[in-house]
A.B. asks: 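Just dropping this structure here.
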Amino acid sequence: MSAEKLSFEDFQPGRRFALGPKLVTTEEIIEFASEFDPQPMHLDEAAGRASILGGLAASGWHTSSMFMRMMADSYVLHSLCEGAPGVDLMEWRKPVLAGDTLSGHSTVLEARPMRSRPGMGIVKFRHEVENQRGELVCISENSVMFGMRARPADIGINPETSA
């Protein structure tokens with residue numbers, strides 16, 4: 001990747017960004033759960049095996065946090081990202097167990113200049129994260145705001161009339 005940061009113009013529909021890999025350790029599952037989601041199946045191997053999850057399992061919130069880190073490492077930290085207005089979809093499909101390795105991709109679904117913020121665009125993504133067996137563990141969709149490389153006046157966009 002070049003030293004120039006990714007801008008709105010670089011996020012064309014269909015573009016994919018690889019996520020991961022990320023090895024999930026017993027220690028980090030317990031550490032996250034101890035602070036944020038102290039349920040037995042996230043804190044103790046035996047309790048996890050006895051649950052419907054089948055082993056020491058990361059909290060869904062921990063899965064989301066690991067996914068966010070993979071997204072940050074893949075493209076967010078290398079871009080003119082200005083944050084996100086929210087999350088439209090977050091599904092945890094399968095348990096993430098200690099020892100799993102997560103990977104996946106983010107795909108640009110749509111991109112448009114923002115009327116309310118000249119010089120910025122909003123990009124909608126679909127994210128899919130799998131474990132090492134190719135099982136889908138997490139799906140998410142959300143929009144992210146990115147700065148433009150060129151300001152609207154520089155490229156002939158009238159922010160008052162753009163979509």
A.B. asks: If you round to the nearest 0.5 Å, how far is CG of Asn142 from CE of Met68?
C.D. replies: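 Going from CE on Met68 over to CG on Asn142, the span is 8.5 Å.
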
A.B. asks: Determine the minimum heavy-atom distance between Leu43 and Ala33, stating which atoms define it.
C.D. replies: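 So the minimum-distance heavy-atom pair works out to CD2-CB, 3.7 Å.
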
A.B. asks: Are Ile30 and Leu56 packed together at the side-chain level, in the sense that at least one heavy-atom pair is separated by less than 4.5 angstrom?
C.D. replies: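 Ile30 vs Leu56: side chains touch.
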
A.B. asks: Applying side chain to side chain contact (heavy atoms under 4.5 Å, CB included) to Leu136 and Glu91, what does each step give before you reach the verdict?
C.D. replies: CA-CA 10 Å; Leu136 200 55; Glu91 293 181 2; over 6 Å; no

A.B. asks: Which pairs count as salt bridge (charged side-chain N to carboxylate O under 4.0 Å, His left out) when at least one residue sits in residues 28-38, sequence neighbours excluded?
C.D. replies: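 Found Lys22-Glu28.
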
A.B. asks: Between Met70 and Leu6, is there a shared hydrophobic cluster once you connect ILVMFWY residues whose side-chain heavy atoms come closer than 4.5 Å?
C.D. replies: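 They do share one cluster, since a chain of ILVMFWY contacts under 4.5 Å joins Met70 to Leu6.
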
A.B. asks: Can you see which heavy atom on Ala47 is nearest to which on Pro40, and at what distance?
C.D. replies: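 Looking at all heavy atoms of both residues, the closest pair is CB-O, 3.5 Å.
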
A.B. asks: Can you give me the closest heavy-atom contact between Gly55 and Glu45, atom names plus distance?
C.D. replies: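 That would be CA-OE2, 4.0 Å.
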
A.B. asks: Among Ser140, Ser59, Ser64, find the one that has a side chain to side chain contact (heavy atoms under 4.5 Å, CB included) with Trp92.
C.D. replies: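 When Ser140, Ser59, Ser64 are each tested with Trp92, the side chain to side chain contact (heavy atoms under 4.5 Å, CB included) holds only for Ser64.
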
A.B. asks: Would you call Gln12 and Val108 a side-chain contact if the rule is heavy atoms closer than 4.5 Å?
C.D. replies: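 Answer no - side chains too far apart.
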
A.B. asks: Side chain of Ser74, backbone of Leu19: donor and acceptor closer than 3.5 Å?
C.D. replies: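 Not a single qualifying donor-acceptor pair exists.
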
A.B. asks: Scan residues 121-140 for pairs that pass ring-ring contact (aromatic ring centres under 6.0 Å, His included), counting only residues two or more places apart or in two chains.
C.D. replies: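 For residues 121-140: Phe11-Phe125, Phe67-His127, Tyr75-Phe125, Phe125-His127.
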
A.B. asks: Tell me whether Ile52 at atom CD1 has more than 12 heavy atoms from other residues, nucleotides or ligands lying less than 6.0 Å away.
C.D. replies: no

A.B. asks: Applying a strict under-4.5 Å side-chain criterion to I, L, V, M, F, W and Y, I'd like to know whether Trp61 and Phe36 cluster together.
C.D. replies: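 Linked within one cluster.
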
A.B. asks: Return the NZ to CG distance between Lys94 and Asn131, rounded to the nearest 0.5 Å.
C.D. replies: 8.5 Å

A.B. asks: Salt bridge check, Glu110 against Arg112: does any charged N sit closer than 4.0 Å to a carboxylate O?
C.D. replies: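 Looking at Glu110 together with Arg112, the answer is no, because their closest N to O distance does not fall below 4.0 Å.
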
A.B. asks: Begin from the C-alpha positions of Ser34 and His42 and carry the test side chain to side chain contact (heavy atoms under 4.5 Å, CB included) through to its verdict.
C.D. replies: CA-CA 8 Å; Ser34 294; His42 305 315; over 6 Å; no

A.B. asks: Hey, what do you get for OG1 (Thr107) to CZ (Arg16), rounding to the nearest 0.5 Å?
C.D. replies: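 Interatomic distance, Thr107 OG1 to Arg16 CZ, rounded to 0.5 Å: 4.5 Å.
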
A.B. asks: Taking all heavy atoms of Ser106 and all of Met71, pick out the closest pair and write down the distance.
C.D. replies: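 Distance-wise, the nearest heavy atoms are OG-CG, 4.3 Å.
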
A.B. asks: Write down the atom of Ala57, the atom of Ile29, and the distance for their closest heavy-atom approach.
C.D. replies: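 Scanning both residues completely, I find the closest heavy atoms to be O-CG2, 3.5 Å.
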
A.B. asks: Would you indicate whether the side-chain heavy atoms of Leu80 and Arg149 approach each other to under 4.5 Å?
C.D. replies: no

A.B. asks: Is it true that atom CZ of Arg15 has more than 12 heavy atoms of other residues, nucleotides or ligands lying nearer than 6.0 Å?
C.D. replies: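 Above 12, so yes.
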
A.B. asks: Determine whether Asp100 and Gln132 make a side-chain contact, defined as any pair of heavy atoms from C-beta on separated by less than 4.5 Å.
C.D. replies: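 Yes, their side chains come closer than 4.5 Å.
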
A.B. asks: Hydrophobic cluster membership, with links at side-chain heavy-atom distances under 4.5 Å among I/L/V/M/F/W/Y: are Val76 and Val87 in one?
C.D. replies: yes

A.B. asks: Would you say that Val129 contacts Thr63 through its side chain, given a criterion of any heavy-atom pair below 4.5 Å between the two side chains?
C.D. replies: no

A.B. asks: Report yes if the side chains of Pro85 and Ile122 come closer than 4.5 Å at any heavy-atom pair, otherwise no.
C.D. replies: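 Side chain of Pro85 against side chain of Ile122, heavy atoms only: contact under 4.5 Å found.
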
A.B. asks: Do Val137 and Arg93 have side chains that get closer than 4.5 Å, going by heavy atoms?
C.D. replies: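 Result no, sub-4.5 Å side-chain heavy-atom pair not found.
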
A.B. asks: Which atom names give the shortest non-hydrogen contact between Pro21 and Ser103, and what distance separates them?
C.D. replies: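 It is CA-CB, 4.3 Å.
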
A.B. asks: Salt bridge between Arg117 and Glu82, side-chain N to carboxylate O under 4.0 Å?
C.D. replies: no

A.B. asks: Check for me, please, whether Val123 and Met90 land in the same ILVMFWY cluster - side-chain distances under 4.5 Å, paths through other members count.
C.D. replies: yes

A.B. asks: Just how far is it from atom CD of Glu128 to atom NE2 of His105, taken to the nearest 0.5 Å?
C.D. replies: 4.0 Å

A.B. asks: Assigning hydrophobic clusters by single linkage (Ile, Leu, Val, Met, Phe, Trp, Tyr; side-chain heavy-atom cutoff under 4.5 Å), is Val144 placed with Leu109?
C.D. replies: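 In one cluster with Val144: Leu109, no.
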
